[in-house]
Number of protein chains: 6
Amino acid sequence: MKIFVYPGSFDPVTNGHLDIINRAARLCDQLIVGVLVNISKKTMFSVDERVELIKKAACGIGNVQVESFSGLLVDWVRIKNADAIIKGLRAVQDFEYELQMADLNKILDPQVETLFMMSSANYSCISSSAVKEIAGMGGSIKEFVPESIINEIMLKCNSK
Amino acid sequence: MKIFVYPGSFDPVTNGHLDIINRAARLCDQLIVGVLVNISKKTMFSVDERVELIKKAACGIGNVQVESFSGLLVDWVRIKNADAIIKGLRAVQDFEYELQMADLNKILDPQVETLFMMSSANYSCISSSAVKEIAGMGGSIKEFVPESIINEIMLKCNSK
Amino acid sequence: MKIFVYPGSFDPVTNGHLDIINRAARLCDQLIVGVLVNISKKTMFSVDERVELIKKAACGIGNVQVESFSGLLVDWVRIKNADAIIKGLRAVQDFEYELQMADLNKILDPQVETLFMMSSANYSCISSSAVKEIAGMGGSIKEFVPESIINEIMLKCNSK
Amino acid sequence: MKIFVYPGSFDPVTNGHLDIINRAARLCDQLIVGVLVNISKKTMFSVDERVELIKKAACGIGNVQVESFSGLLVDWVRIKNADAIIKGLRAVQDFEYELQMADLNKILDPQVETLFMMSSANYSCISSSAVKEIAGMGGSIKEFVPESIINEIMLKCNSK
Amino acid sequence: MKIFVYPGSFDPVTNGHLDIINRAARLCDQLIVGVLVNISKKTMFSVDERVELIKKAACGIGNVQVESFSGLLVDWVRIKNADAIIKGLRAVQDFEYELQMADLNKILDPQVETLFMMSSANYSCISSSAVKEIAGMGGSIKEFVPESIINEIMLKCNSK
Amino acid sequence: MKIFVYPGSFDPVTNGHLDIINRAARLCDQLIVGVLVNISKKTMFSVDERVELIKKAACGIGNVQVESFSGLLVDWVRIKNADAIIKGLRAVQDFEYELQMADLNKILDPQVETLFMMSSANYSCISSSAVKEIAGMGGSIKEFVPESIINEIMLKCNSK
């Protein structure tokens, strides 16, 4: 049985993240989406909200489970008994950053493996921060996030 | 009649921006420089100051007009009835960011077109933030901004 | 009246090229597609064939004209009285190469201007060489080139 | 049961390839290494030699199988009933090329998935062509290929 | 006599910095490590602490001297009578940023020369911010900084 | 006494190369320009011609010496007793290639050090192949190569 983890901030989850979740879930027996609790970085959505949004958006996929975690990623991966970390790559800048992270994690724990998936062409321009910015200016986000969570995001982004 | 818009923060305008304004103005009938009002991002110069600095620096070019705008760029482009957005590219990092922005804008409004110009080799190292940093440390900015606005920038950068 | 030229090898023209032709034609009064005659580089299609394929594929666009040219691009641009060269950008590697070309052309003729358009996300993986390789292995190219020229390309790629 | 394929030219296999084979084999039930038969590209080693060198170098890994294939990769993946293609990434240039290939393959067959692994830092400078060049100039390749195949490579590279 | 300066924030110094210090010291007669005093950027370690950590870590190298400086780098280089600035490059993003800096410095003072060294493969994933983040989460930093300064860094990162 | 070597094909030497030669010569006691004899790669100019062109172009610089070499660069560096290899960087693609070369050379000989200089902005678009192409089409190369060798290059490029 192969377990993959897909970590991130997901502030909030986008169609780009869901594309990775869908495709990664088909390549393993269990996919655990890990929402990072990072006290030093301010998020728009709370950890619980972020977990709930992913659960709502990914509810149709059988072998996906959503959790939050704090501390070092490599420690959480070990606790979860996972075989690999899954990361999405959208652009060269992602590539360089993720290459450094994968190398760092390898030094921290040589057992930890990272697998990358390229974002589908149509989703490679989507990011959580773009979603928040567009929503905050009253633009339509229906091409960027699943329909079931549009309202919650619009509400939050315009209540600030 | 072709109308192009050239959006940016211009905090403050540099010789790199002016190079693009000059070259883009020759390729369209009207070029509208758009100074972005972004309340969530702190700027050193106010919107009015930024508009005035560009007007002063670009005063010799006939078909250029300077305005401020807020909200989504694609909405402003539509209001102005513009045919294309003009952006300058200095480096690979610009390229990736602008590619994502162009793709996002295409999704928000499929009619919106973006055209890119490469910065002239001599200007590709110049950025508004470099100008502010150098001026703030008392360095000379005469190679980086038009002469007519050097004093205003030196004054502002050293009054903080 | 603004004239843009769009130079290339077009060996053969792809949906990616046509996307640029369509979008660029809307931003100028006349778009001249220039097929490069380069005796030192072997092409699969002859110059005449390449010109014909583009004409067939772009026949619905009023202000587009297709020609061949040899020698330095900047010389041809001057002869055509064009205001700018149009180039498509698909990836960071295109960007760097085109930046060098634009700089070189600026040194050869300071009047020559180059404008860049980003490939639409769906077309950014398409290249003439990929089309030839896929066609040569019997794969389907219907997503990569216009329908009206599929047969000619399949024939040529499999007659070798 | 998950099947991954790892395609390439392997002309010849290097420690960088073996690193990917070792790591990928742990993440699936069966890993099929696919040696590409490409008649239009001249290789130093024949297909049979390339297959044999990989078999020799990877003989200790239980769930790895080595084969050759020709034609479109997506067709071979379907025949092998594989769940994903595995590719190694060493640098930004690999990234861009592989992103285009993954997008192309998705258009040719939407079922085909590609997973990427970053080369380990120590192997990211190694390539088959570097091995051939160094060996051909009489340099030592013992840091670049498995010991069991050094002699065969040295012999071949110096018999030309 | 050739003098090189190696400027940076060093907040704190890492094995990656030390690798550059060691290698650069061999290529000149005197290497001056310059710790930047930047009042507009918050650092975890004070200037004095950063200077002390480097001195402790680099104490075995004869021709290395550690100092702090403020203001424009080019001014400090001139005061020190240095022949060149030394910078380490880890990734493409470093490259582009440093290229812009080198060009800016050339405009500010055409006499100033910058030399670059590539980070050794094993150190290219290490950065001061990664060290602080890992230490702050209780991870082990023994692979990332010299042993003699581990305790001081762990103490500081966990006292916040 | 510090000795640097600056290796390359120099087919033919350009103003970009001369810029590096001039700047590097100031940072060491002796700079040895090394013209690579590579029998597997066809050059337009013979080794002797390439050496002569550099000698002619760099004749005013006291501590520069021009030689040819064959075989592994690291072996030649050792024979010359050199302290470092000097390479010029023009773009991200150079950076990645040179990073791999520097890593490879470090494995072949851990004593060998490589130093990089960024091309001056005005020279970063110049390459030997661009010079040959422009000269071959009858364009002017006076901005790209030193005046003293223009005639020889024009003659050679148009005699083919």
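Lettering follows sequence order; numbering is per chain, from 1. FYI, side chains are in, hydrogens and waters are out, and symmetry mates aren't considered; it's all heavy atoms of this structure.
Between the CG atom of A:Leu155 and the CD1 atom of A:Ile149 there is a distance of 13.0 Å, given to the nearest 0.5 Å. Note that CZ of A:Phe10 is 12.0 Å distant from CG of A:Leu53, once rounded to the nearest 0.5 Å. Note that CG of B:Leu99 and SG of A:Cys125 are 8.5 Å apart. Values are rounded to the nearest 0.5 Å. The structure places CD1 of B:Ile21 at 6.0 Å from CD1 of B:Ile54, a figure rounded to the nearest 0.5 Å.
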Scan the chain A/chain B interface and emit each donor-acceptor pair under 3.5 angstrom with its distance.
{"residue": "A:Val92", "atom": "N", "partner": "B:Glu96", "partner atom": "OE1", "Å": "3.2"}
{"residue": "A:Val92", "atom": "N", "partner": "B:Glu96", "partner atom": "OE2", "Å": "2.8"}
{"residue": "A:Gln93", "atom": "N", "partner": "B:Glu96", "partner atom": "OE1", "Å": "2.9"}
{"residue": "A:Ser124", "atom": "O", "partner": "B:Gln100", "partner atom": "NE2", "Å": "3.4"}

Verify side-chain contact (heavy atoms from CB on, under 4.5 Å) between B:Ile86 and B:Val5, making sure each step is shown before the conclusion. CA-CA 6 Å; B:Ile86 284 280; B:Val5 299; over 6 Å; no
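Applying the ring pair (Phe, Tyr, Trp, His ring centres under 6.0 Å) test to every pair with at least one member in residues 23-61 of chain B, sequence neighbours left out, gives no pairs at all.
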